[in-house]
S.K.: 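Input: one structure, supplied below.
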Amino acid sequence: MPIQTLTKMKVIQAIPFGPPENLRLSEMSVPQPKAHEVLIKVIGAGVNGADLRQREGKYPVPNGAPDIMGLEISGTIVELGPDCSRFKTGDKVCSLLNGGGYAEYAVVPEGQCMPIPNKVSPIDAAGLPEVFCTVWTNLLDRGSLKKNDTVLIHGGTSGIGFAAIRLAKLRGARVFSTARTTKKCAAMKRFGADRAINYSEENFWEVCHLETGGKGVDIIVDIIGGNYLPKEVELLAHGGRLLILNLQGGKKAEIDFSYIHSKHLTITGSRLRPRTIEEKAAICRQVEKEIWPLFESGDIIPETHQVLPFSEAAEAHRIMEASSHIGKIILTP
Ligand SMILES: NC(=O)c1ccc[n+]([C@@H]2O[C@H](COP(=O)([O-])OP(=O)(O)OC[C@H]3O[C@@H](n4cnc5c(N)ncnc54)[C@H](OP(=O)(O)O)[C@@H]3O)[C@@H](O)[C@H]2O)c1
């Protein structure tokens with residue numbers, strides 16, 4: 001059907017906000033692309049931790065963003081808004097969204113679209129933009145990862161953890177990574193981690209301290225915060241960088257600032273979603289240039305845990321809440 005004649009599309013929404021079973025298919029108008037935007041027919045939508053909080057009504061949508069969940073998609077461009085220059089209709093892309101991915105169609109600024117890397121299937125591509133853009137801007141840009149750095153990555157089997165382990169290894173770092181189970185530790189070793197720490201049985205601080213001969217680690221990718229923070233500041237080596245991606249374990253901690261002062265530490269954090277269109281486009285260009293060739297060379301192979309249809313979105317959220325997944329969960333319309 002020509003796109004001009006399409007007026008309605010199916011979307012997944014939490015009605016009302018609440019548990020996974022509140023996720024329902026409903027109908028909405030197909031959005032229209034404005035200047036520098038494209039309309040994409042969705043092939044896959046990546047599931048992220050932020051979707052779960054949005055479903056519960058705990059993640060305020062940034063100004064101007066659609067209130068539908070979904071921060072990343074893959075799909076086919078079916079319509080160009082005015083003044084688009086990077087793509088043509090029919091191109092297959094994957095895109096970083098401001099929201100709106102859990103839908104049959106999504107409008108995206110063209111700067112936030114990237115070609116699907118060679119050797120990656122369109123469905124797997126749906127799980128790449130959010131994690132690789134986040135890891136790029138934190139680990140490589142703000143964290144200035146260098147060859148021979150020692151890096152501690154928490155939650156190594158999350159989408160973020162997978163991307164961070166692969167990129168750190170490919171850049172020549174030594175990687176420590178944490179997860180809750182033996183099975184997840186085996187997965188982190190498969191991704192390339194030099195030392196998988198089962199945090200149910202081992203203390204990450206003790207392991208890293210001992211196995212670096214007391215020197216500590218150069219970079220920590222933290223998604224936990226809370227009571228991890230004082231130990232992390234203590235564990236960092238001279239010139240170390242603490243990169244805070246989330247604070248799922250708590251946002252307050254008592255920290256000995258003398259470690260920051262005496263060891264020249266940098267503590268930084270960032271959130272991708274509220275960044276401007278221009279900032280996101282700039283990150284996408286870096287990811288296309290620096291990371292997409294690693295998929296084409298086979299150095300990174302997407303880690304997709306499960307693909308479920310939109311009608312099973314509740315199950316997708318339950319899997320993520322139970323944290324039984326390894327890698328990305330993808331929804332398909
Ligand atoms: N700042 C940003 O721009 C940005 C962007 C995207 C994502 N994020 C954040 O990055 C994190 C991962 O995102 P995702 O979408 O990939 O989610 P996800 O797959 O649900 O990952 C959550 C991870 O947290 C791990 N975890 C929970 N408690 C832990 C602990 N005490 N120590 C170590 N790991 C622990 C879980 O692993 P176990 O089962 O092994 O505990 C799981 O792998 C989320 O917190 C998300 O909010 C931030």
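Values below: every heavy atom of this structure, side chains too, minus hydrogens, waters and symmetry copies.
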S.K.: Sub-3.5 Å donor-acceptor pair from the side chain of T212 to the main-chain atoms of V217, do we have one?
M.R.: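 Absent.
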S.K.: Provide the closest heavy-atom pair for P115 versus C94 in the form atom of the first, atom of the second, distance.
M.R.: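 Looks like O-SG, 4.2 Å.
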S.K.: Using modelled atom types only, decide if a donor and an acceptor are shared between the side chain of R86 and the backbone of C113 within a distance under 3.5 Å.
M.R.: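 Yes, the answer is positive, given that a donor and an acceptor are paired below the 3.5 Å cut-off.
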S.K.: Indicate yes or no: at least one non-hydrogen side-chain atom of Q286 is less than 4.5 angstrom from one of D141.
M.R.: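 A side-chain contact under 4.5 Å is absent here.
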S.K.: Determine whether V131 and I329 fall in the same hydrophobic cluster, where Ile, Leu, Val, Met, Phe, Trp and Tyr are linked whenever their side-chain heavy atoms lie under 4.5 Å apart.
M.R.: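 No; tracing contacts between hydrophobic side chains, which count when under 4.5 Å, never links both residues.
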S.K.: Starting at CZ of R166, measure out to CD1 of I291 and round the result to the nearest 0.5 Å.
M.R.: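 So the CZ of R166 and the CD1 of I291 are separated by 12.0 Å.
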S.K.: Is it true that a side-chain atom of N203 and a backbone atom of W205 form a donor plus acceptor pair closer than 3.5 Å?
M.R.: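 Checked: pair present.
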S.K.: In Å, rounded to the nearest 0.5 Å, how long is the span from CD1 of I220 to OG1 of T150?
M.R.: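 Rounded to the nearest 0.5 Å, the CD1-OG1 separation comes out at 11.0 Å.
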S.K.: Minimum heavy-atom separation for S29 and M9, please, with both atom names.
M.R.: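 Taking S29 first and M9 second, the nearest heavy atoms are O-CE, 3.8 Å.
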S.K.: Of all the heavy-atom pairs spanning I68 and I12, show the shortest one and how long it is.
M.R.: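 Where I68 meets I12 most closely, the heavy atoms are CG2-O, 3.9 Å.
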S.K.: Please determine whether residues L23 and L308 belong to a single hydrophobic cluster, defined as Ile, Leu, Val, Met, Phe, Trp and Tyr linked transitively by side-chain heavy-atom distances below 4.5 Å.
M.R.: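 They do share one cluster, since a chain of ILVMFWY contacts under 4.5 Å joins L23 to L308.
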S.K.: Walk me through it: do S323 and K184 pass the test side-chain contact (heavy atoms from CB on, under 4.5 Å)?
M.R.: CA-CA 10 Å; S323 202; K184 287 191 169 191; 3.2 Å; yes
S.K.: Please tell me if the side chains of I123 and T304 come closer than 4.5 Å, counting only heavy atoms from C-beta onward.
M.R.: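 With C-beta onward as the side chain, the pair stays apart.
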S.K.: Could you tell me which non-hydrogen atom of S74 sits nearest to which non-hydrogen atom of P122, and how far apart they are?
M.R.: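 For S74 and P122, the tightest heavy-atom pair comes out as OG-O, 2.6 Å.
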S.K.: Is the side chain of D256 donor-acceptor paired with the backbone N or O of S258 at a distance under 3.5 Å, no angle test?
M.R.: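 Judged by distance alone, yes, a pair lies under 3.5 Å.
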S.K.: D194 side chain to V175 main-chain N or O, any donor-acceptor pair under 3.5 Å?
M.R.: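 Side chain of D194 to backbone of V175: a pair is present.
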S.K.: With rounding to the nearest 0.5 angstrom, report the CD to CG distance, E37 to D83.
M.R.: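 Reported to 0.5 Å precision, the distance equals 11.5 Å.
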S.K.: How far apart are the closest heavy atoms of L152 and I197, and which atoms are they?
M.R.: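 Taking every non-hydrogen atom into account, CD1-CD1, 4.4 Å.
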S.K.: Is the count of non-hydrogen atoms from other residues, nucleotides or ligands lying under 6.0 Å from K10 atom NZ greater than 12?
M.R.: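 Counting neighbours around NZ of K10, 12 or fewer heavy atoms of other residues, nucleotides or ligands fall under 6.0 Å, so no.
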S.K.: Measure the spacing between CZ of R318 and CG of L52 and express it to the nearest 0.5 Å.
M.R.: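 CG of L52 is found 11.5 Å from CZ of R318.
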S.K.: Give every residue pair that meets the ring-ring contact (aromatic ring centres under 6.0 Å, His included) criterion with at least one member in residues 294-318, sequence neighbours excluded.
M.R.: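 Residue pairs with at least one partner in residues 294-318: Y102-H317, F132-F295, W292-F295.
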S.K.: If you draw a 6.0 Å radius around CD in E27, do more than 12 non-hydrogen atoms from other residues or ligands fall strictly inside?
M.R.: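 Yes, because the 6.0 Å sphere around CD of E27 holds more than 12 heavy atoms from other groups.
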S.K.: Hydrophobic side-chain clustering at under 4.5 Å (ILVMFWY, transitive links): who's grouped with L80? Put none if nobody.
M.R.: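 Members other than L80 - counting any ILVMFWY side chain reachable under 4.5 Å - are V38, I40, V42, I73, I77, F87, V93, L97, V108.
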S.K.: Indicate yes or no: does R285 engage E288 in a salt bridge with an N to O separation below 4.0 Å.
M.R.: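 Result for this pair is yes, salt bridge flagged.
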S.K.: Determine whether a donor-acceptor pair (N or O, by modelled atom type, separation under 3.5 Å) exists between the side chain of R195 and the backbone of E211.
M.R.: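 Flag not set: sc R195 to bb E211 has no pair under 3.5 Å.
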S.K.: Starting from V307, can I reach L71 by hopping between I/L/V/M/F/W/Y residues whose side chains sit under 4.5 Å apart?
M.R.: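 Shared cluster, no.
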S.K.: Would the distance check show the side chain of R55 and the main-chain N or O of F17 forming a donor-acceptor pair, the cut-off being under 3.5 Å?
M.R.: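 Not at all, since once roles are kept as given, no pair shorter than 3.5 Å links the two residues.
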S.K.: Measuring from atom CD1 of I283 to atom OG of S270, what distance do you get when rounded to the nearest 0.5 angstrom?
M.R.: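 Reported value, rounded in 0.5 Å steps: 7.5 Å.
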S.K.: Does Q112 reach the main-chain N or O of S95 with its side chain, forming a donor-acceptor pair under 3.5 Å?
M.R.: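 Side chain of Q112 to backbone of S95: no pair is present.
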S.K.: Could you tell me which non-hydrogen atom of A173 sits nearest to which non-hydrogen atom of V151, and how far apart they are?
M.R.: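 Closest approach of A173 to V151, heavy atoms only: CB-CG2, 3.9 Å.
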S.K.: So with a 6.0 Å cut-off around NZ of K263, is the heavy-atom count from everything else above 12?
M.R.: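 Yes, because the 6.0 Å sphere around NZ of K263 holds more than 12 heavy atoms from other groups.
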S.K.: Working note: S297 + K119, criterion side-chain contact (heavy atoms from CB on, under 4.5 Å); need CA distance, chi angles, decisive distance, verdict.
M.R.: CA-CA 9 Å; S297 61; K119 298 195 186 165; over 6 Å; no
S.K.: Hey, mind stepping through F191 and I326 against side-chain contact (heavy atoms from CB on, under 4.5 Å) and telling me if it holds?
M.R.: CA-CA 11 Å; F191 301 162; I326 291 174; 3.8 Å; yes
S.K.: Without swapping roles, check the side chain of R241 against the backbone of S144 for a donor-acceptor pair under 3.5 Å.
M.R.: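 Such a contact is found between R241 side chain and S144 backbone.
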S.K.: By the side chain to side chain donor-acceptor pair (under 3.5 Å) test, which pairs, at least two apart or in different chains, include something from residues 11-25?
M.R.: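 Only Q13-S26 qualify under side chain to side chain donor-acceptor pair (under 3.5 Å).
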S.K.: Verify the cluster assignment for L294 and I301: are they in a single hydrophobic cluster under the rule of side-chain heavy atoms below 4.5 Å apart?
M.R.: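 Different clusters: L294 never reaches I301 through Ile, Leu, Val, Met, Phe, Trp or Tyr contacts under 4.5 Å.
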S.K.: May I have all residue pairs that pass ring-ring contact (aromatic ring centres under 6.0 Å, His included) and include part of residues 248-291, sequence neighbours excluded?
M.R.: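 For residues 248-291: H238-H264.
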S.K.: With sequence neighbours excluded, give me every side chain to side chain donor-acceptor pair (under 3.5 Å) pair touching residues 222-234.
M.R.: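 Passing the test, one end in residues 222-234: H154-E232.
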S.K.: Could you see if V47 belongs to whatever hydrophobic cluster contains I43? Use Ile, Leu, Val, Met, Phe, Trp, Tyr and a side-chain cutoff under 4.5 Å.
M.R.: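 No, no single cluster joins them.
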S.K.: In Å and rounded to the nearest 0.5 Å, what is the CD to CD distance from E79 to Q32?
M.R.: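 Separation between the atoms: 5.5 Å.
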S.K.: Spell out, as yes or no, whether a donor-acceptor pair under 3.5 Å connects the side chain of E303 to the backbone of A163.
M.R.: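 No; judged by distance alone, with no hydrogens or angles, the pair does not exist.
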S.K.: Among K280, E279, R275, which residue satisfies the side-chain hydrogen bond (donor to acceptor under 3.5 Å, both in side chains) criterion with T137?
M.R.: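 The residue from K280, E279, R275 that satisfies side-chain hydrogen bond (donor to acceptor under 3.5 Å, both in side chains) with T137 turns out to be R275.
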S.K.: Is there a side-chain contact between L272 and L96 (heavy atoms, below 4.5 Å)?
M.R.: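 A side-chain contact exists here, since the closest heavy-atom pair is under 4.5 Å.
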S.K.: Run the salt bridge (charged side-chain N to carboxylate O under 4.0 Å, His left out) test on K328 and D124 for me, step by step, so that the C-alpha distance in whole Å, both residues' side-chain angles and the decisive distance to 0.1 Å come before the verdict.
M.R.: CA-CA 9 Å; K328 294 294 297 191; D124 285 335; over 6 Å; no
S.K.: Can you run down the ring-ring contact (aromatic ring centres under 6.0 Å, His included) pairs that involve residues 24-71, sequence neighbours left out, and say none if there aren't any?
M.R.: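 As it turns out, there is no ring-ring contact (aromatic ring centres under 6.0 Å, His included) pair with a partner in residues 24-71 once direct neighbours are skipped.
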